[in-house]
Asks: 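Pasting in a structure now, in structure tokens, and then I'll have a few things to ask.
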Amino acid sequence: MGDGDAPAILDQAEVARIFREESGRSVATLIRVVGDIDLAEDAVQEAFAIALRRWPADGLPPNPGGWITTTARNRALDRLRREARGRELLSQVAVLLPGEQEPDMPEEVGPVPDDQLRLIFTCCHPALSTQAQVALTLRLLGGLSTTQVARSFLVAEPTMARRLVRAKRKIKAARIPYRVPQAHELPDRLRPVLAVVYLVYTAGLTGPAEPGLCAEAIRLARVLASLLPDEPEVAGLLALLLLSESRRASRLAPDGSLVLLGEQDRTRWHRALIAEGQAILRRCLGRNQPGPYQLQAAINAVHADAGTIEETDWSQIVALYDQLLAVAPTPVVALNRAIAIGEVHGPAAALALVDELDLDNYHPYHATRADLLGRLGRHSEAAAAYQRAAAMAPTDAERDFFRRDGRASR
């Protein structure tokens, strides 16, 4: 081997990063091969432990994902040989994989893209609760540890471990199939998958314990977009996440306080993410099948086009919210539409719409009312509304912001 072919030396942190990127693909492939989620998950974890020992000293293999999958498969087969319950399953595996390979051999088992798609739809099956769907997706496809998943939900690790066990048992008990839905099933089954990925992103946006969830959600959205290139709402979700991510760094001041959209330093917005998100959005809107994620992405794109808050095309945003409310008639969409109307027709028109909504347990509702009341000179009512918002806000930055009556820290 010449000097140019020498393996790259890397530390344990880099091994962990690679594993997190590759583990979802490996778990998905192993589940197809051995037919058991727990066995596949354990085998991939064992492969990671071996990689931690070998790779820092030996260097990165040419195909890290294939190495992890092959090593995990061999570990799973070894366990099946040792256990009586695995004999029948082992004979089925032998039909799928007739050859024996060692981890160091050049021929490696590579993940099949459909395996990831099967696993996403299994994790997000409607028989599971939304919390279980998100947790399983993060654990199995995202490569997060149980501890990391627990932090994302702000619960203790043993509690999350029990939830994951129950969810996997339900998959077995309900005989949830490990397959991609048929074409006629896809519209209904795709909605919860996209919702889970979006929830992962928002958890990272609002949960300071695990900000890496934003990057993980974008990675999952990219996986979905590559596996389902003809689904415009999948592309719409990816565009929405990229456009939202482009502004994330400017949402907080250096002291950790919240910065509203109109006060953000737009030079800090990530122009490459904006360009990519807008390009994806143009392609999917060209299909003329607008859905909720595409319309939300379009609203974000209008904000991204404005050099200042004063240059924002609020009339276009109201028109987009009109379309969004038609396809997703939820109180939260109505609230955001009212905010845009306030920019076009004034705070009184917006407040009349806001006061019709039943969102008393939603802190942005009270924050919106507070802002509109303040703009109308009703300051005591505004202060009370800000306190309601502060009492319900999920992060310290938001609570502090509302306690200052919606003023940024100086």
Asks: Show the numbers, then the answer: is there a salt bridge (Lys or Arg N to Asp or Glu O under 4.0 Å) between Asp371 and Arg375?
Replies: CA-CA 6 Å; Asp371 176 68; Arg375 289 163 62 185; 3.5 Å; yes
Asks: Indicate whether the side chain of Glu157 and that of Thr147 have a donor and an acceptor atom separated by less than 3.5 Å.
Replies: yes
Asks: Any donor-acceptor pair under 3.5 Å linking the side chain of Thr70 with the backbone of Trp67?
Replies: no
Asks: When you look at Leu261 and Thr312, which way does the side-chain contact (heavy atoms from CB on, under 4.5 Å) test go after all the steps?
Replies: CA-CA 11 Å; Leu261 176 65; Thr312 304; over 6 Å; no
Asks: Please find the pair of heavy atoms, one from Ser250 and one from Arg247, that lie closest to each other, and give the distance.
Replies: OG-O, 2.8 Å
Asks: Should the pair Glu276-Arg222 be classified as a salt bridge under the 4.0 Å nitrogen-to-oxygen rule?
Replies: yes
Asks: Quick one: ring-ring contact (aromatic ring centres under 6.0 Å, His included) pairs with a partner in residues 311-353, sequence neighbours left out?
Replies: His303-Trp314
Asks: How many angstroms lie between atom CG of Leu273 and atom CG of Leu243, to the nearest 0.5 angstrom?
Replies: 8.5 Å
Asks: Does the side chain of Gln264 pick up a donor-acceptor pair with the side chain of Trp269 at under 3.5 Å?
Replies: yes
Asks: Ignoring hydrogens and angles, tell me if any N or O in the side chain of Tyr178 forms a donor-acceptor pair with the backbone of Asp115 under 3.5 Å.
Replies: yes
Asks: How far apart are the C-alpha atoms of Met392 and Phe402, what are their side-chain angles, what is the distance that settles it, and do they pass the side-chain contact (heavy atoms from CB on, under 4.5 Å) test?
Replies: CA-CA 10 Å; Met392 302 167 67; Phe402 297 138; over 6 Å; no
Asks: Is the CG atom of Asp265 crowded by more than 12 outside heavy atoms at less than 6.0 Å?
Replies: yes
Asks: Heavy atoms, side chains only, cut-off 4.5 Å: are Val196 and Leu220 in contact?
Replies: no
Asks: Given side chains that start at C-beta, do those of Leu237 and Val234 come closer than 4.5 Å, heavy atoms only?
Replies: no
Asks: Any pair with a residue in residues 282-297 that passes side-chain hydrogen bond (donor to acceptor under 3.5 Å, both in side chains), sequence neighbours left out, goes on the list, sorted by first then second residue, please.
Replies: Glu233-Gln294
Asks: Is a side-chain N or O of Thr71 found less than 3.5 angstrom from the main chain of Ile68, in a donor-acceptor match?
Replies: no
Asks: Heavy atoms, side chains only, cut-off 4.5 Å: are Met160 and Arg139 in contact?
Replies: no
Asks: Looking at His125, is its backbone amide N or carbonyl O close enough to the side chain of Gln133 to form a donor-acceptor pair, meaning the two atoms are under 3.5 Å apart?
Replies: yes
Asks: Between CG of Leu224 and CD1 of Ile120, what distance do you get to the nearest 0.5 Å?
Replies: 4.0 Å
Asks: Identify the heavy atoms of Leu320 and Ile299 that sit nearest to each other, and give their distance.
Replies: CB-CG1, 3.6 Å
Asks: Going by the ring-ring contact (aromatic ring centres under 6.0 Å, His included) test, which pairs reach into residues 24-51, not counting sequence neighbours?
Replies: Phe19-Phe48
Asks: The test is side-chain contact (heavy atoms from CB on, under 4.5 Å); show your working for Leu140 and Thr122 and say whether it passes.
Replies: CA-CA 11 Å; Leu140 298 180; Thr122 299; over 6 Å; no
Asks: If you take all heavy atoms of Leu281 and Ala298, which pair is closest and at what distance?
Replies: CD2-CA, 3.5 Å
Asks: Could you tell me which non-hydrogen atom of Ala367 sits nearest to which non-hydrogen atom of Tyr386, and how far apart they are?
Replies: O-CE2, 4.3 Å
Asks: Looking only at heavy atoms, which two atoms of Ala225 and Leu238 are closest? And how far apart?
Replies: CB-CD2, 4.0 Å
Asks: For the OG1 atom of Thr146 and the CG atom of Leu138, what is their distance to the nearest 0.5 Å?
Replies: 11.0 Å
Asks: Can you tell me if CZ on Arg169 sees more than 12 non-hydrogen neighbours from other groups inside 6.0 Å?
Replies: no
Asks: Should Arg251 and Leu205 count as side-chain neighbours, where that means a heavy-atom distance under 4.5 Å?
Replies: yes
Asks: Using only atom types and a distance under 3.5 Å, with no angle test, would you say the side chain of Arg403 pairs donor to acceptor with the backbone of Ala390?
Replies: no
Asks: Report yes if the side chains of Glu46 and Asp78 come closer than 4.5 Å at any heavy-atom pair, otherwise no.
Replies: no
Asks: With sequence neighbours left out, write down each residue that passes side-chain hydrogen bond (donor to acceptor under 3.5 Å, both in side chains) with Arg75, or none if nothing qualifies.
Replies: none
Asks: How long is the span from the SG atom in Cys123 to the NZ atom in Lys168, to the nearest 0.5 Å?
Replies: 10.0 Å
Asks: With distance as the sole test, does His366 use its side chain to make a donor-acceptor pair with the main-chain N or O of Asp360 at under 3.5 Å?
Replies: yes
Asks: Quick one: list whatever passes side-chain contact (heavy atoms from CB on, under 4.5 Å) with Asp322, sequence neighbours left out.
Replies: Val318, Arg337
Asks: Are any of the side-chain heavy atoms of Pro64 and Trp55 separated by less than 4.5 Å?
Replies: yes
Asks: What's the separation between atom CZ in Arg369 and atom CG in Leu359, rounded to the nearest 0.5 Å?
Replies: 11.5 Å
Asks: Sub-3.5 Å donor-acceptor pair from the side chain of Arg388 to the main-chain atoms of Tyr365, do we have one?
Replies: no
Asks: Which heavy atom of Leu357 sits nearest a heavy atom of Leu353, and at what distance?
Replies: CG-O, 3.6 Å
Asks: Looking at CG of Leu285 and CD1 of Ile280, how far apart are the two atoms once the value is rounded to the nearest 0.5 Å?
Replies: 11.5 Å
Asks: Looking only at atom types and distance, does a side-chain atom of Lys170 sit under 3.5 Å from a main-chain N or O of Ala127, one as donor and one as acceptor?
Replies: yes
Asks: Looking at residues at least two apart in the chain, or sitting in another chain, which of them share a side-chain hydrogen bond (donor to acceptor under 3.5 Å, both in side chains) with Glu343?
Replies: none
Asks: side-chain contact (heavy atoms from CB on, under 4.5 Å) for Asp313 and Asp305? Distances and angles first, verdict last.
Replies: CA-CA 9 Å; Asp313 188 345; Asp305 279 337; over 6 Å; no
